[in-house]
Number of protein chains: 2
Amino acid sequence: MRIGELSKQTGVATRMLRYYEEQGLITPRRLDNGYRVYDDYLVDRVRKIRGLIDSGIPTRIVSCILPCLGHPDSIVAENAEPGLFDLLEAERDRMSEKIDFLTQNRDAITEYLRALERAASQPMGTKAG
Amino acid sequence: MRIGELSKQTGVATRMLRYYEEQGLITPRRLDNGYRVYDDYLVDRVRKIRGLIDSGIPTRIVSCILPCLGHPDSIVAENAEPGLFDLLEAERDRMSEKIDFLTQNRDAITEYLRALERAASQPMGTKAG
DNA sequence: TTTGACCTTCACATTAGTGGCAAGGTGCAC
DNA sequence: GTGCACCTTGCCACTAATGTGAAGGTCAAA
């Protein structure tokens, strides 16, 4: 598919799709006329990229962890550059921290919302003060 | 405590502490000489702010959800401005999405790391191809 | 053949979050 | 009093992510 279609399917602006390409996150093929063509599997990939960026993972890191996703067992190993392993471990830990953090705070919000609801469904003057 | 001390305790640069103040996230009192003074409870608050920002929540939103945190039941209700409730619900949902997303991807990384370890502890030429 | 929807690159602007520095006040310690 | 560590405000700059618009190419359909 071409960039407009991918944009529609993912909800990501074409501008951003080109930006991700510039950052090395996706590498669409090109038609003779220069148009970018995206394989179907890239829809999922772009969604992942967006989710990660939205979660505060910079593109630099996203590009490192992308190889971890989607390939069940294939491309592993081989490219065992030193440092990558440690980087991935560190990033995984950072993600765990974020998860804990978000969970904690989301639960607090939920709690707060419940309290608001309780307050709203009450006579508003009952035992106030 | 003053800003330097808070910075040390939270690991957040003084520059950022002033920025958060500018964004309305914290409002330290002032000494006669103009120095900012922070109450102890702000240490926790600043850590929360950092965590949220690191998780991709913009300061604008952080300022909305901060009231949800830390107050067990007290300041609730009263200020039931319309729209706030919906915003909080939406933000909570967004956080849930992020949590799911991060969890998924973190697990994929973990899986990948495991595969790398397995590959590394193997004769490297065994059944390769 | 012209129109219109799509695509291309280039470039400039903006926003958020940061970092850094300059110029100056405060206050303790020697 | 001098020095030093801390604080103040203000400003400039940078990066990442994003918006936007110009100038132009492609292609199908009317």
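So you know, we letter chains A, B, ... as the sequences are listed, proteins then strands, and number each from 1.
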Which residues share a side-chain hydrogen bond (donor to acceptor under 3.5 Å, both in side chains) with A:E89, sequence neighbours left out: none
Below 3.5 Å, can you tabulate the donor-acceptor pairs from side chains in residues 100-110 of chain B to any protein atom, sequence neighbours excluded?
{"from": "B:T103", "atom 1": "OG1", "to": "B:I99", "atom 2": "O", "distance (Å)": "2.6"}
{"from": "B:N105", "atom 1": "ND2", "to": "B:F101", "atom 2": "O", "distance (Å)": "2.8"}
{"from": "B:R106", "atom 1": "NH1", "to": "A:S96", "atom 2": "OG", "distance (Å)": "3.0"}
{"from": "B:T110", "atom 1": "OG1", "to": "B:R106", "atom 2": "O", "distance (Å)": "3.0"}

For DNA chain C, which residues of residues 88-96 of chain B approach it to below 4.0 angstrom with any heavy atom? none
B:D93: side-chain hydrogen bond (donor to acceptor under 3.5 Å, both in side chains) partners, not counting sequence neighbours: none
Candidate pair B:Q9 and B:M1, rule side chain to side chain contact (heavy atoms under 4.5 Å, CB included), full reasoning: CA-CA 10 Å; B:Q9 288 200 24; B:M1 82 193 72; 4.2 Å; yes
With sequence neighbours left out, write down each residue that passes side-chain hydrogen bond (donor to acceptor under 3.5 Å, both in side chains) with B:E21, or none if nothing qualifies. B:R30, B:R36
Between P on D:dC27 and CG on A:L31, what's the gap in Å once rounded to a whole number? 9 Å
I want to check one thing: is the phosphate of D:dT20, taken as OP1 and OP2, less than 4.0 Å away from some side-chain N or O of A:Y19? no
Quick one: B:L6 CG to D:dC6 P, roughly how many Å, whole number? 15 Å
May I have the distance from B:I53 (atom CD1) to D:dA16 (atom C1'), rounded to whole angstrom? 15 Å
Please step through salt bridge (charged side-chain N to carboxylate O under 4.0 Å, His left out) for the pair A:R114 and A:E111, ending with a clear verdict. CA-CA 5 Å; A:R114 247 204 291 276; A:E111 198 57 42; 3.6 Å; yes
Interface limits on DNA chain C, where chain A has a heavy atom under 4.0 Å of a nucleotide atom: C:dC6 to C:dA11
Rounded distance (nearest 0.5 Å) linking atom CZ of B:R45 with atom CG of B:D40: 14.5 Å
Residue list, side-chain hydrogen bond (donor to acceptor under 3.5 Å, both in side chains) with B:R15, at least two apart or on another chain: none
Basic-acidic side-chain contact under 4.0 Å: A:R94, A:E91: yes
Measure from CZ on A:R50 to P on D:dA16 and round the result to the nearest Å. 16 Å
Test of understanding: with side chain to side chain contact (heavy atoms under 4.5 Å, CB included), list the residues that count as partners of B:L31, not counting sequence neighbours. B:N33, B:Y35, B:V37
Exercise answer: donor-acceptor pairs, residues 50-58 of chain B side-chain atoms, under 3.5 Å, sequence neighbours excluded:
{"from": "B:R50", "atom 1": "NH1", "to": "B:Y20", "atom 2": "OH", "distance (Å)": "2.3"}
{"from": "B:R50", "atom 1": "NH2", "to": "B:D54", "atom 2": "OD1", "distance (Å)": "2.5"}
{"from": "B:S55", "atom 1": "OG", "to": "B:G51", "atom 2": "O", "distance (Å)": "2.8"}

Could you pull out all residues at least two apart from B:D44 that satisfy salt bridge (charged side-chain N to carboxylate O under 4.0 Å, His left out)? B:K48
Strictly below 4.0 Å, heavy-atom distances to any atom of DNA chain C: list the hits from residues 54-65 of chain B, or just say none. B:P58, B:T59
Polar-atom pairs under 3.5 Å, protein N or O versus N or O of nucleotides 7-10 of chain D: list them with distances, or write none.
{"from": "D:dC7", "atom 1": "OP1", "to": "B:I3", "atom 2": "N", "distance (Å)": "3.4"}
{"from": "D:dC7", "atom 1": "OP1", "to": "B:G4", "atom 2": "N", "distance (Å)": "2.5"}
{"from": "D:dT8", "atom 1": "OP1", "to": "B:R36", "atom 2": "N", "distance (Å)": "2.9"}
{"from": "D:dT8", "atom 1": "OP1", "to": "B:R36", "atom 2": "NH1", "distance (Å)": "2.7"}
{"from": "D:dT8", "atom 1": "OP2", "to": "B:R18", "atom 2": "NE", "distance (Å)": "3.1"}
{"from": "D:dT8", "atom 1": "OP2", "to": "B:R18", "atom 2": "NH2", "distance (Å)": "2.8"}
{"from": "D:dT8", "atom 1": "OP2", "to": "B:R36", "atom 2": "NH1", "distance (Å)": "3.3"}
{"from": "D:dT8", "atom 1": "O5'", "to": "B:R36", "atom 2": "NH1", "distance (Å)": "3.3"}
{"from": "D:dT9", "atom 1": "OP1", "to": "B:R30", "atom 2": "NH1", "distance (Å)": "3.2"}
{"from": "D:dT9", "atom 1": "OP1", "to": "B:R30", "atom 2": "NH2", "distance (Å)": "3.2"}
{"from": "D:dT9", "atom 1": "OP2", "to": "B:R36", "atom 2": "NH1", "distance (Å)": "2.8"}
{"from": "D:dT9", "atom 1": "OP2", "to": "B:R36", "atom 2": "NH2", "distance (Å)": "2.6"}

Report yes or no: does A:R118 contribute a side-chain atom to a donor-acceptor pair with the main-chain N or O of A:L113 at less than 3.5 Å? no
